[in-house]
Amino acid sequence: MIEKYSKVAVIGAGTMGNGIAHVFAQTGYDVTLIDINAAALERAVSTISKNLDRMAAKEKITEADKAATLKQITTSTDLAGSLKDRDLVVEAATENLDLKLKIFRDMDANAPAGAILATNTSSISITKIAAVTKRPSQVIGMHFMNPVPVMLLIEVIRGFDTTDAVLSDIMELSKDLGKVPVEVNDYPGFVANRILMPMINEAIYTLYEGVAGKEEIDTVMKLGMNHPMGPLTLADFIGLDVCLAILEVLYTGFGNPKYAPCPLLVNMVNAGHLGRKTGRGFYDYSK
Ligand code: NAD
């Protein structure tokens, strides 16, 4: 644990926020997990507990490690009141520009002047987010991968004004979490989603145009390209709303029609079929 950043807050307790809180807590950081929705906080703690059970069953950690990790996490629905003593705040709320700008204004107003403000955004400009704060040099992207406790990569995104010192501290901190950080610059989709989302979108177009069925498309990519999971399964896992939001950022950011989201993806999001988290996406998860 890096003492200088021992007190961390994670904002947003959804798919990503619970995993981010988990890895910080397991490395010994004092974590406050914040969400506007109290039920999301309860679900997050229960998910962390189940994931720790799974690790204990595989003898990767002991029961004592599990208890110690859970002890490091407190939850809150009061953002302003919870940031006063935090050294690092990682925002992992819903992928929506206006929401993130609002949260960053609140983070800036309530976190100590020296604190680093990080965002786990998949695609929104770090520079644009930083510009609404009075400390753009201390704003950075920390793009964890899903599921956070398992995936090694953190894409560390440098905004236009991020200083070398902040970048270097976040690279070190990422290594301290047992992750592999990769430094990238702030352009739409960064590296991961600039390459991944056009592939997922093309898989959805392939289904939409009736070239093949969903299982067939996933099987081609799994067995033919050695991908651990097919692109439609992966889209369900990420969340179809998240995929759509990222494609829209790529589409408007580059002004290139090759990033236009497939109408089938748009329809599914409008219908509320967002993948695993709603029980239905390209596949059925209701059972
Ligand atoms: P999610 O929908 O699972 O969770 C978002 C959470 O944010 C919800 O619990 C919601 O209640 C909370 N929230 C909304 N408004 C809030 C506010 N004002 N204050 C506090 N909490 C608020 O979303 P997710 O998939 O966890 O995505 C979170 C972020 O991580 C997004 O920026 C997304 O692009 C990014 N991301 C997602 C993935 C993925 O695979 N899902 C991967 C990498 C990065």
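Whatever order the structure lists ligands and atoms in, that order sets their numbers, starting from 1.
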**Report entry** CA sep, side-chain torsions, deciding dist, call: Leu83, Ile34, side chain to side chain contact (heavy atoms under 4.5 Å, CB included)
**Finding:** CA-CA 10 Å; Leu83 299 187; Ile34 301 162; 3.7 Å; yes

Query raised in the report: Any side-chain heavy atom of Ile154 sitting closer than 4.5 Å to one from Val180?
Result: no

Query raised in the report: Tell me, which pairs form a ring-ring contact (aromatic ring centres under 6.0 Å, His included) where one or both residues lie in residues 219-265, sequence neighbours left out?
Result: Phe254-Tyr259

Query raised in the report: At what distance is the nearest protein heavy atom to atom 33 (C) of ligand 1, and which residue and atom is it?
Result: Ser122 OG, 3.4 Å

Query raised in the report: Quick one: does Gln72's side chain get under 4.5 Å of Gln26's, heavy atoms only?
Result: no

Query raised in the report: Is the shortest N/O to N/O distance between Ala92 and ligand 1 below 3.5 Å?
Result: no

Query raised in the report: Who pairs with Tyr29 by ring pair (Phe, Tyr, Trp, His ring centres under 6.0 Å), at least two apart in sequence or on another chain?
Result: Phe24

Report summary line: If you scan protein heavy atoms around atom 30 (O) of ligand 1, the nearest is Asn120 ND2, 2.9 Å

Query - ligand 1 N/O within reach of Glu95 N/O, cut-off under 3.5 Å - result: yes

Query raised in the report: Quick one: which ligand 1 atoms are inside 4.0 Å of a heavy atom on Lys100?
Result: 31 (C), 32 (O)

Query raised in the report: Looking at Thr94, which atoms of ligand 1 are within less than 4.0 Å of one of its heavy atoms?
Result: 5 (C), 7 (O), 14 (C)

Query raised in the report: Would Thr47 and Asn18 count as having a side-chain donor-acceptor pair, cut-off 3.5 Å?
Result: no

**Report entry** Under 4.0 Å to a heavy atom of Lys277 - the qualifying atoms of ligand 1, by number
**Finding:** 2 (O)

Requested in this report: Please indicate, with yes or no, if any protein heavy atom is found under 4.0 Å from atom 3 (O) of ligand 1?
Outcome: yes

**Report entry** atom 40 (O) of ligand 1 - nearest protein heavy atom and its distance
**Finding:** Asn146 ND2, 3.1 Å

Query raised in the report: For residues Thr119 and Glu91, is any side-chain donor paired with an opposing acceptor at under 3.5 Å?
Result: yes

Query raised in the report: Among Asn201, Asn267, Thr206, which residue meets the side chain to side chain contact (heavy atoms under 4.5 Å, CB included) test with Cys262?
Result: Asn201

Query raised in the report: With a cut-off of 4.0 Å, which atoms of ligand 1 are near a heavy atom of Thr121?
Result: 32 (O)

Requested in this report: May I ask you to identify the nearest protein heavy atom to atom 12 (C) of ligand 1, giving residue, atom name and distance to one decimal place in Å?
Outcome: Asp35 OD2, 3.2 Å

Report task. Using a 4.5 Å cut-off on heavy atoms from C-beta on, say whether the side chain of Ile129 contacts that of Leu101. Result -> yes

**Report entry** Shared hydrophobic cluster, Phe104 / Met16 (ILVMFWY, side-chain heavy atoms < 4.5 Å)
**Finding:** no

**Report entry** Atom indices of ligand 1, in the order listed, that fall short of 4.0 Å to a heavy atom of Ala40
**Finding:** 9 (O)

Requested in this report: Check whether any N or O atom of Glu91, backbone or side chain, sits under 3.5 Å from an N or O atom of ligand 1, and answer yes or no.
Outcome: no

Report summary line: Ranked by distance from atom 29 (C) of ligand 1, the top protein heavy atom is Ala93 O, 3.3 Å

Report task. For the residue pair Asp284 and Ser286, confirm or rule out a side-chain donor-acceptor distance under 3.5 Å. Result -> yes

**Report entry** For atom 22 (C) of ligand 1, closest protein heavy-atom neighbour
**Finding:** Ile36 CG1, 3.6 Å

Query raised in the report: Does ligand 1 have any atom sitting under 4.0 Å from a heavy atom of Leu79?
Result: no

Report task. Examine the proximity of ligand 1 to Ile11 and report which part, side chain or backbone, both or neither, has a heavy atom under 4.0 Å away. Result -> side chain

Query raised in the report: Is there any N or O on His143 that sits under 3.5 Å from an N or O of ligand 1?
Result: no

Requested in this report: Verify the distance criterion only: is there a donor paired with an acceptor across the side chains of Asp30 and Ser6 at less than 3.5 Å?
Outcome: no

Report task. Using distance alone, with no hydrogens and no angle criterion, decide if Thr233 and Asp236 have a side-chain donor and acceptor under 3.5 Å apart. Result -> no

**Report entry** Protein heavy-atom partner closest to atom 27 (O) of ligand 1 - residue, atom, separation in Å
**Finding:** Met16 CG, 4.0 Å

Requested in this report: Give yes or no for whether the N/O distance cutoff of 3.5 Å, strictly under, is met between Ile238 and ligand 1.
Outcome: yes

Query raised in the report: Using 4.0 Å as the upper bound for N to carboxylate O, is an ion pair formed by Arg135 and Asp108?
Result: yes

Requested in this report: Starting from atom 17 (C) of ligand 1, locate the nearest protein heavy atom and write down its residue, its atom name and how far away it is, to 0.1 Å.
Outcome: Ile103 CD1, 3.6 Å

Query raised in the report: Do any heavy atoms of Phe144 fall under 4.0 Å from ligand 1?
Result: yes

Report summary line: Taking only non-hydrogen atoms of Gly14 and a 4.0 Å limit, the atoms of ligand 1 in range are 3 (O), 4 (O), 6 (C), 9 (O), 26 (O)

